[in-house]
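First the structure, in the form of structure tokens, and then the observations on it.
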Amino acid sequence: MKKEQKSKTALITGAASGLGFELALLLAKDDHDLIMVDVDAEKLAKAKEEILKNKSCKIQLINKDLSTCNVAREIFEAVEGRSIDVLINNAGFGVFGSFNDTDWKREAEMLNLHVITTTHLTKLVLKGMVARGHGRILNMSSLAAFQPGPLMSLYYASKAYILSFSEAIANELKGTGVTVTVLCPGQTKTCFQEVVSNGVGKTSSENKINFNVACPKAVAKYGYEAMQKGKIVAIPGNINKLLSKLPRFVSRRTATAVIRRIQEKNRDA
Ligand SMILES: NC(=O)c1ccc[n+]([C@@H]2O[C@H](COP(=O)([O-])OP(=O)(O)OC[C@H]3O[C@@H](n4cnc5c(N)ncnc54)[C@H](OP(=O)(O)O)[C@@H]3O)[C@@H](O)[C@H]2O)c1
């Protein structure tokens with residue numbers, strides 16, 4: 001008798017749009033059941049409908065604000081002990097402006113989401129993965145992780161945290177069957193560009209430097225394949241790979257000044 005193959009389960013945060021949605025679609029096409037987490041219930045329901053048009057699979061929706069305290073534990077409890085084979089910590093947003101002027105509440109939410117929730121959810125899911133001897137984790141960083149970013153100082157710093165944290169635990173997990181990949185995209189055409197917040201609320205500050213902007217499908221596919229191969233740091237695009245090495249060719253101070261010029265151009269555009 002043919003043994004029925006058990007489908008794998010993937011948990012994706014920020015799965016209602018952009019890169020998270022594209023990653024969820026790839027996972028569904030690759031026979032995973034999905035646990036999709038996002039802050040907007042209506043967008044989540046639409047994303048589920050869209051995925052089911054492409055592929056039949058089981059989808060659990062979890063509507064949570066990932067920037068709140070202890071939300072990783074609430075998500076973990078909501079999945080009720082299901083084995084998670086793939087964890088994608090993707091949700092994120094940016095806050096634009098000079099550190100002296102930006103709104104602390106929005107910044108604290110961003111730090112909670114990028115740093116605390118990403119770390120806590122990884123810790124909670126990892127234990128089961130290690131015990132079962134397999135698992136894939138994909139954490140969403142950014143090209144912003146490779147140097148300081150004036151006018152988006154905390155966004156850049158939090159993405160540097162995700163890069164450093166992911167590389168360190170990837171090393172610790174060697175030989176366990178669990179891999180950690182950190183995806184570092186450059187500019188990608190998603191809602192992210194439209195909702196970089198000035199700290200007061202969401203503003204339409206469309207990034208005007210439209211050089212080297214990638215399509216979310218291509219970035220997600222690159223990240224997905226890197227995760228499947230167990231690659232540690234994944235930077236999509238040759239220009240981005242080169243830009244990530246900028247601080248090796250010029251001083252860190254110069255690299256920081258270059259980013260400041262770019263951010264000022266974005267602000268003035
Ligand atoms: N796009 C880029 O240029 C770019 C470049 C490098 C890295 N990234 C990273 O890629 C990741 C995905 O961004 P994206 O470009 O795909 O942007 P996106 O289209 O805005 O997708 C982000 C998703 O996360 C959700 N989200 C935001 N805050 C949340 C919260 N507190 N709780 C739960 N869900 C939340 C958003 O919901 P709402 O829209 O309802 O808020 C949205 O569905 C982020 O971590 C971002 O930093 C993006």
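Counting starts at 1 for both ligands and their atoms, following the listed order.
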Residue selection (non-hydrogen contact nearest atom 11 (C) of ligand 1) among N90, I162, N240, L19: N90
Atom indices of ligand 1 within 4.0 angstrom of K64 heavy atoms, with elements: 32 (N), 33 (C)
Whether F21 lies under 4.0 Å from ligand 1, heavy atom: no
side-chain hydrogen bond (donor to acceptor under 3.5 Å, both in side chains) partners of residues 14-29, not counting sequence neighbours, each pair once: E22-K217
Same apolar cluster (I L V M F W Y, side chains within < 4.5 Å links), F165/I232: yes
Minimum side-chain heavy-atom gap I12-L34 below 4.5 Å: yes
Interfacing atoms of ligand 1 (cut-off 4.0 Å, heavy-atom, G18): 16 (O), 19 (O)
Short N or O distance, H114 and ligand 1, threshold 3.5 Å exclusive: no
Those atoms of ligand 1 less than 4.0 Å from some heavy atom in M140: 9 (C), 10 (O), 11 (C), 45 (O)
Identity of the nearest option to atom 37 (O) of ligand 1, non-hydrogen atoms only, from L66, I12, D38, T117: D38
Side chains of S166 and N139, donor plus acceptor under 3.5 Å: yes
Side chains of F93 and R106 in contact at under 4.5 Å (non-hydrogen atoms): yes
Numbered atoms of ligand 1 (with element) below 4.0 Å of Q187, judged on heavy atoms: 3 (O)
Contact atoms of ligand 1, heavy-atom distance to D65 under 4.0 Å: 30 (C), 31 (N), 32 (N)
Which of the ligand 1 atoms, numbered from 1, are nearer than 4.0 Å to a heavy atom of D40: 40 (O)
Atom indices of ligand 1, in the order listed, that fall short of 4.0 Å to a heavy atom of F93: 28 (N)
Proximity flag K159 to ligand 1, non-hydrogen atoms under 4.0 Å: yes
Best match, S142, A16, G94, G186: closest heavy atom to atom 5 (C) of ligand 1: G186
For N89, the option from T122, T13, T117 that meets side chain to side chain donor-acceptor pair (under 3.5 Å): T122
Enumerated ligand 1 atoms positioned under 4.0 Å from heavy atoms of C191: 19 (O), 20 (O)
Candidate with minimal heavy-atom separation from atom 27 (C) of ligand 1, of G92, S141, G14: G92
Main-chain N/O of V39 paired to D65 side chain as donor or acceptor, under 3.5 Å: no
Note: K221-E225 ion pair, threshold 4.0 Å (strictly below): yes
Candidate with minimal heavy-atom separation from atom 6 (C) of ligand 1, of G223, A41, P185, A214: P185
Sequence-distant partners of K105, side chain to side chain donor-acceptor pair (under 3.5 Å), two or more places apart: E109
R260/E264 ion pair, N-O < 4.0 Å: yes
